[in-house]
Number of protein chains: 4
Amino acid sequence: MNETINSILEEIHQEVLPFLGTGKVVDYIPILNEADPNKFGMTLISNDRRIYSVGNAQELFSIQSVSKVLTLTLAMQLGEEKLWKRVGREPSGNRFNSLVQLEHENGKPRNPFINAGALVVTDMLISALDDPKAEILDFVRKVSCNSTLEYNFEIAQAEKEMGFTNAALVNFMKSFKNIENDVEEVLDTYFHHCSIMLNTEDLARSFMMLSNQGNMNFCNEQIISKRQSKRINSIMATSGFYDQAGEFAYRVGLPGKSGVSGAIAAVYPGDFSVAVWSPELNSNGNSVLGIEALDRLTTKLELSIY
Amino acid sequence: MNETINSILEEIHQEVLPFLGTGKVVDYIPILNEADPNKFGMTLISNDRRIYSVGNAQELFSIQSVSKVLTLTLAMQLGEEKLWKRVGREPSGNRFNSLVQLEHENGKPRNPFINAGALVVTDMLISALDDPKAEILDFVRKVSCNSTLEYNFEIAQAEKEMGFTNAALVNFMKSFKNIENDVEEVLDTYFHHCSIMLNTEDLARSFMMLSNQGNMNFCNEQIISKRQSKRINSIMATSGFYDQAGEFAYRVGLPGKSGVSGAIAAVYPGDFSVAVWSPELNSNGNSVLGIEALDRLTTKLELSIY
Amino acid sequence: MNETINSILEEIHQEVLPFLGTGKVVDYIPILNEADPNKFGMTLISNDRRIYSVGNAQELFSIQSVSKVLTLTLAMQLGEEKLWKRVGREPSGNRFNSLVQLEHENGKPRNPFINAGALVVTDMLISALDDPKAEILDFVRKVSCNSTLEYNFEIAQAEKEMGFTNAALVNFMKSFKNIENDVEEVLDTYFHHCSIMLNTEDLARSFMMLSNQGNMNFCNEQIISKRQSKRINSIMATSGFYDQAGEFAYRVGLPGKSGVSGAIAAVYPGDFSVAVWSPELNSNGNSVLGIEALDRLTTKLELSIY
Amino acid sequence: MNETINSILEEIHQEVLPFLGTGKVVDYIPILNEADPNKFGMTLISNDRRIYSVGNAQELFSIQSVSKVLTLTLAMQLGEEKLWKRVGREPSGNRFNSLVQLEHENGKPRNPFINAGALVVTDMLISALDDPKAEILDFVRKVSCNSTLEYNFEIAQAEKEMGFTNAALVNFMKSFKNIENDVEEVLDTYFHHCSIMLNTEDLARSFMMLSNQGNMNFCNEQIISKRQSKRINSIMATSGFYDQAGEFAYRVGLPGKSGVSGAIAAVYPGDFSVAVWSPELNSNGNSVLGIEALDRLTTKLELSIY
């Protein structure tokens, strides 16, 4: 098995490299646009805790929207009842930062993986935690079993300075009374957790809690219940890829979540977690090589949750 | 196992009966509204072809929108390339019969399980088949291994007489040139395949092609490829329940499809197919007892695709 | 005055000719696309019944959407109370044939000058009149003081064969129970009244009922009350030009109504009615030379209702 | 004439008082909600500078959205070309603070009288003026011929503290690069000019520039050109009353603008300006007694621009 997976990852690496140059590195803030477009890293961790990596798997990138899965997990630990009154769990059918749906649905975001939903989750964490930014970072360190992870304050600051759409979302939801805390604090906390720097090994380790039978992380701590894991995976499956959720389900067949840094994390429940990173994005904001790699992975392994 | 499943179905039957009276039988046409609201039938068929039934599993009802899965399957057999140019495979985020999305997306329906998408699929079948209504019925007889299935002409006629929203959809898509055939013929064929009468055993048998490893039907004929089966299941998972797709994924955790007659069919790939029928619907147009029963089934069996 | 107006119209004629070739003749049906793009006709009728014409003022064209003003007038004669329950009188902010607004507002069109609204008005006329098509034509003959006006059956038939958007609108409104009569009859009657052939003199005579102090037509018959005339003019002012109503108010400053044949009729209440015709349309579906001509008219005469 | 108008205003006063209690004082911020619901004031100023008042015409209220007409006028003085690239002049068909349209139209507001449009106008004034708040107040003092007018800082502050929807609008437009200045400064300036305190006499004097032939204010200073006056009036006519612009045109027949304090200003070009104030609002956010009074005024005087 070890050999097989290693050689499959090698094959994939070779097969996806020709796609370099077909996407575009995110450009709404300069610091993110500086990412080297030629990078590709991938890590698969089987539930027996074997780590298989290929390419730039040690290179750090900001977690961006993949952090929405981790903040949701933390919020679910703190209590689900109130959460689902303030955020839905239906696919949105719209761009990740749409205000239209909020206007038609009284300020309640469709799901926790569009920006509006993640901002409400962040607002709930601020209300529930004593030191939100410190505790969110601690949680990500815990699920990733890597106590050296840090915020990238430069990225967080740059996002904040250009974050007019997210500021519009928070203000708009506050007008519907679906934000409890100060607008600036919500945005600051949100941009911070999006700025956490990690590599594909960290990310694959973090997602083990969603693939592992006992919902233990890599270092054997239980993070959530089996039921919660299945719920988070179901939301990733219907809403993890913005406008391309159906396409990802159709082509790859795994629950997963993408971010604009070019990161994608996914799980095959009961078997493995996998993380890919490559900065060039397609028109839906998902990593070109990331999706090609995961499509090839499930095709070669002949598996899918469906 | 046999015993276990039988007793679980019995338990479920008892547990869901108290929900009778909490939904509403569909009322947009009188003949559908005549359905006895007190009915509940459920059939599970394991991949070893054992049939487990409870309640009114022999009672006939019209298949309604569950037929969308079968017409999609037939259309995929005839060639997928053109199909996905004319219909998307993303969740819609809107009501099952929304015209808004069509207007914003040039007449291309989001997926084949909203009405607009199923009408385009029907249009493609009309273009491809010599005798569309006869061949569609033959196909449903084949996948269900029941050659006695028939159209209910009275229901088809009644739907047609009141089918103004669907007529609006077909005309609107034709204005975008996404309907090739005569508007009346598309509607007539569509309402006919929605009117096919069957029971939960027929429905569970029909869905075996999506749960069975070899994608054989109950009577051992291969219907589609494994890859096609996974694709159909992925679309059911993201778009099978109108506005409640995320909720069904979250609570039940299986790919499935519902219809306004109160039918739901679902699959646990590699293990079993299951069909439920109970006419009372919730506000999203899905069977109240059907969803309760399937929620209990996956909870009791401790399984989910996620 | 006579001299002045004649020379102003001549000036306008010369000034607008250079705009020929900058628009596009309507092309959704071939017979309308056959119109000679080089035509321009204009007629102004002062309330003392003097007729001032320039260019191709004797050439016939189909009235198209300008007929919506005349069918509204007829419907208002038959009783306003029910009318305004079924059609609004607010600007739509959307394309002339939008289904979005209908979906959000339960099938009640925003105003009688978008297609949906005119179709409801047509439906009301069918319910109220013994021989709708004959009586509508009679009414147009009466207001225009021209008993030779006729339907163009070829145009009506061609519109019907390609009228999928309008068929979608009627079916959709019928699903909201805002259409009483048979869908085909509503469409047939609507396309007929859009096909009436006339010239700019006929059109300017028809609109005298809205400019004339006593609301008499050219041949001295009172058609409507002063109050009704003001109301119709107010709706033309806010909703007579689809997406360009504000622009027309801003540039021209008169209540008016346009049609896809390139016709525009407008009034300066208390003084004159005016009709222009030139087949090339701008991207909002309004006659390029028509708008240029009317803009120049009010600039040269230094008048505007505002 | 003097006598007639006085007695007509007295009649109107008596006729509208029974409508007290049928609307609701605005309640989104407490300080505005404190307004005495029983107030009604009205002032008409003929172009010969005679002032006719009735009721609480000396009572101060905040100008609110009626200020949008004055800031637009100031911006038009500074140059129209850039203005109309950043703001449209079409009716919106939507609520006064809708974000939907902005999303579909790349952050360009439909017209200067919805909040988004007025915020862009405010942004332009900030860019063009040395001391925006002081100069805006000076301009309002000038057009009203009342140098004692002042901002109400308490109202401006309260609006700012609850102004999440407007903050959402500014941030959203800034994400489309249609706001040049700092978000906070735009909001601060906007809320200040909405807070200017005046009475119906001040307001009627201010609108003289739009009714007077020479576009002079009450104290004989020319403010704008005739052409600009007609343009502003045309935009008021199509877009001055949010969702009720068509209704106001239909019932009252004058260009005008309303504010949530219960103020309405309107003009009959060439003859008079008129201002009404009464705090109770209908469901569209327009003064109940204000609209009743203006409807009666134009009915009794038998005039309308249409």
Side-chain angles (χ1 to χ4, degrees), chain C residues 76 80 84 87-95 98 100-101 104-105 109-114 117 210-211 213 226-256 267-270 284 298-299 302-306, chain D residues 76 80 84 87-95 98 100-101 104-105 109-114 117 210-211 213 226-256 267-270 284 298-299 302-306:
Chain C
M76 283 173 75
E80 289 192 49
W84 300 121
V87 189
R89 47 198 184 219
E90 292 300 326
S92 79
N94 272 311
R95 284 212 322 278
S98 173
V100 171
Q101 213 148 48
H104 289 151
E105 297 173 12
R110 270 293 174 94
N111 65 64
F113 295 156
I114 51 175
L210 300 169
S211 66
Q213 296 291 7
K226 184 175 178 185
R227 171 170 280 238
Q228 286 176 321
S229 167
K230 290 188 173 305
R231 289 173 165 183
I232 294 167
N233 286 344
S234 79
I235 302 172
M236 287 202 293
T238 56
S239 313
F241 288 81
Y242 308 129
D243 277 3
Q244 211 177 4
E247 188 66 14
F248 191 79
Y250 189 88
R251 285 185 57 185
V252 177
L254 300 180
V267 293
Y268 186 53
N284 297 87
T298 54
T299 302
E302 287 188 25
L303 56 83
S304 142
I305 63 166
Y306 301 112
Chain D
M76 283 174 73
E80 289 191 50
W84 301 121
V87 190
R89 45 198 187 220
E90 293 299 325
S92 79
N94 272 313
R95 283 210 325 275
S98 174
V100 171
Q101 213 147 49
H104 289 152
E105 297 172 12
R110 271 294 173 92
N111 65 64
F113 294 157
I114 51 175
L210 301 169
S211 67
Q213 296 292 8
K226 185 175 179 187
R227 172 169 278 237
Q228 286 176 322
S229 167
K230 290 188 173 306
R231 288 173 166 184
I232 294 168
N233 287 344
S234 79
I235 303 172
M236 287 202 291
T238 56
S239 314
F241 289 83
Y242 308 126
D243 278 1
Q244 211 177 3
E247 187 66 14
F248 191 80
Y250 188 88
R251 284 184 59 186
V252 176
L254 299 180
V267 292
Y268 185 53
N284 297 88
T298 54
T299 302
E302 288 189 22
L303 56 84
S304 141
I305 63 166
Y306 301 111

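Residue numbers begin at 1 in each chain, while the letters A, B, ... track the order of the sequences. Small disclaimer: the values here were computed from a predicted structure and weren't measured.
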Would you confirm whether D/Glu90, through its side chain, and C/Gly246, through its main-chain N or O, come within 3.5 Å as a donor-acceptor pair?
-> yes
Which bit of C/Arg89 comes within less than 4.5 Å of chain D, counting heavy atoms only: side chain, backbone, both or neither?
-> both
Proximal component of C/Pro91, with respect to chain D [non-hydrogen, under 4.5 Å] = both
Answer with side chain, backbone, both or neither: which region of C/Gln101 has an atom nearer than 4.5 Å to a non-hydrogen atom of chain D?
-> side chain
Measure the OG-OH distance between C/Ser229 and D/Tyr306 for me, rounded to the nearest 0.5 Å.
-> 12.5 Å
Under a 4.5 Å heavy-atom cutoff, which of C/Ile232, C/Thr238, C/Leu210 has the most pairs with chain D?
-> C/Thr238
Report the option among D/Pro255, D/Gly253, D/Ala245, D/Ser239 that has the most heavy-atom pairs separated by less than 4.5 Å from atoms of chain C.
-> D/Ala245
Which distance, rounded to the nearest 0.5 Å, do you find between the NE2 of D/His104 and the CZ of D/Arg110?
-> 11.0 Å
Check C/Trp84 against C/Ile235 and note the closest heavy-atom contact, atom names and distance.
-> CH2-CD1, 3.5 Å
Residue among D/Arg231, D/Glu247, D/Gln244 with most heavy-atom pairs under 4.5 Å to chain C | D/Arg231
Checking D/Asn111 side chain against D/Ile114 main chain: does a donor-acceptor pair fall under 3.5 Å?
-> yes
